[in-house]
Amino acid sequence: MSAFEQPVHVSRRTPASLWQEYRIFPDRLELQSWILFHTIVIPAREILEIEVRPSVFSGSKGITWGIKLDNSDLHRHVLVRRKTGFWKRIAFTPDNPDEFVRICQSII
């Protein structure tokens, strides 16, 4: 992990993400969190599953259980399940959830 390493993808800051930034690197995800006052780093080898989830208003899957870094239940969002860590299920809302998941799956 280098301080000068460029991300593969950076999600635009939006009101749905509470203006937080989510980055994909070749070996990890970095999820900025104003609420938790730090950036969560998830190594690619720790990701069990990553998927796009609907909003609660769509009615298809209901509420996402886990830590939510933003307004994820109100919008289409991404859910990451990881092998270890205090929080194993983390939900967040990148600007384009489908593209974010596609790129993440390429680094896993």
Side-chain angles (χ1 to χ4, degrees):
M1 188 179 334
S2 166
F4 301 107
E5 185 179 9
Q6 293 297 312
V8 175
H9 176 76
V10 178
S11 177
R12 273 186 313 111
R13 299 171 191 264
T14 64
S17 70
L18 300 179
W19 293 274
Q20 299 177 129
E21 189 174 86
Y22 308 122
R23 298 176 293 273
I24 303 172
F25 288 86
D27 62 341
R28 68 189 182 282
L29 299 181
E30 290 186 359
L31 310 174
Q32 177 188 25
S33 175
W34 302 117
I35 296 167
L36 300 175
F37 301 111
H38 77 284
T39 299
I40 298 169
V41 178
I42 304 173
R45 68 182 179 282
E46 290 293 316
I47 298 172
L48 285 174
E49 181 182 10
I50 185 164
E51 66 177 320
V52 176
R53 302 279 300 209
S55 76
V56 292
F57 303 116
S58 71
S60 62
K61 287 192 180 180
I63 295 173
T64 297
W65 297 103
I67 295 299
K68 297 166 186 141
L69 301 180
D70 53 31
N71 294 320
S72 53
D73 275 340
L74 304 178
H75 304 276
R76 287 184 78 240
H77 59 278
V78 172
L79 175 66
V80 174
R81 284 186 351 138
R82 60 186 186 166
K83 295 176 187 175
T84 61
F86 187 69
W87 300 305
K88 292 195 179 5
R89 296 170 57 93
I90 301 172
F92 56 96
T93 311
D95 63 333
N96 185 338
D98 295 309
E99 180 181 13
F100 197 92
V101 167
R102 183 183 55 75
I103 295 169
C104 278
Q105 288 172 336
S106 73
I107 68 162
I108 298 176

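The model shown is predicted, which means the values in this text are computed figures rather than measured ones.
- What you find for A16 and T93 is that their closest heavy atoms are CB-CG2, 3.9 Å.
- In plain terms, the two heavy atoms of S11 and P94 that are nearest each other are OG-CA, 3.2 Å.
- To the nearest 0.5 angstrom, H77 atom NE2 is 9.0 Å from D70 atom CG.
- Between the CD1 atom of I107 and the NE2 atom of H9 there is a distance of 11.5 Å, given to the nearest 0.5 Å.
- F92 is listed as a side-chain neighbour of V80, based on a closest heavy-atom distance under 4.5 Å.
- Linking ILVMFWY side-chain heavy atoms closer than 4.5 Å, directly or via other members, places W65 and F86 in two distinct hydrophobic clusters.
- Hydrophobic clustering (ILVMFWY, side-chain heavy atoms < 4.5 Å, transitive): L48 and V78 are in distinct clusters.
- Between the side chains of T14 and D95, not a single donor N or O lies within less than 3.5 Å of an accepting N or O.
- Looking at I67 and I40, their side chains never come closer than 4.5 Å, going by heavy atoms from C-beta outward.
- For D73 (side chain) and V56 (main-chain N/O), no donor-acceptor pair under 3.5 Å exists by modelled atom type.
- Distance NZ/K68 to CG/L18: 13.0 Å, rounded to 0.5 Å.
- With hydrogens and angles disregarded, no donor-acceptor distance shorter than 3.5 Å links the side chain of W19 to the backbone of W34.
- Across P7 and R23, no two heavy atoms sit closer than the pair CB-CB, 4.3 Å.
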Q: Could you give me the CA-CA distance, side-chain angles and deciding distance for R76 and D98, then say whether side chain to side chain contact (heavy atoms under 4.5 Å, CB included) is met?
A: CA-CA 9 Å; R76 287 184 78 240; D98 295 309; 3.1 Å; yes

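- Of all heavy-atom pairs between P26 and E5, the closest is CD-OE2, 3.4 Å.
- Contact check for S17 versus Q32: no side-chain heavy atoms found under the 4.5 Å cut-off.
- Between the side chain of Q20 and the main chain of L69, a donor-acceptor pair closer than 3.5 Å is present.
- V10 and F25 fall into different hydrophobic clusters, where Ile, Leu, Val, Met, Phe, Trp and Tyr are joined by side-chain heavy atoms under 4.5 Å apart, directly or via other members.
- Nearest heavy atom pair, residue P15 against residue N71, reads O-ND2, 3.7 Å.
- With values rounded to the nearest 0.5 angstrom, E51 atom CD is found 10.0 Å from Q105 atom CD.
- Distance check, rounded to the nearest 0.5 Å: CZ of R81 to CD1 of I90 gives 12.5 Å.
- Residues I47 and I108 come closest through the heavy atom pair CG2-CD1, 3.6 Å.
- In the hydrophobic clustering of this structure, I103 does not group with L79; members are Ile, Leu, Val, Met, Phe, Trp, Tyr whose side-chain heavy atoms approach within less than 4.5 Å, directly or through other members.
- R82 contributes a side-chain N or O that, together with a main-chain N or O of W87, makes up a donor-acceptor pair within less than 3.5 Å.
- With a 6.0 Å radius and a threshold of 12 heavy atoms from other residues, nucleotides or ligands, R13 has its CZ atom above the threshold.
- Distance CG/L29 to CD1/I50: 5.5 Å, rounded to 0.5 Å.
- Y22 and F100 have perpendicular rings, their planes meeting at more than 60° on a 0 to 90° scale where under 30° would count as parallel.
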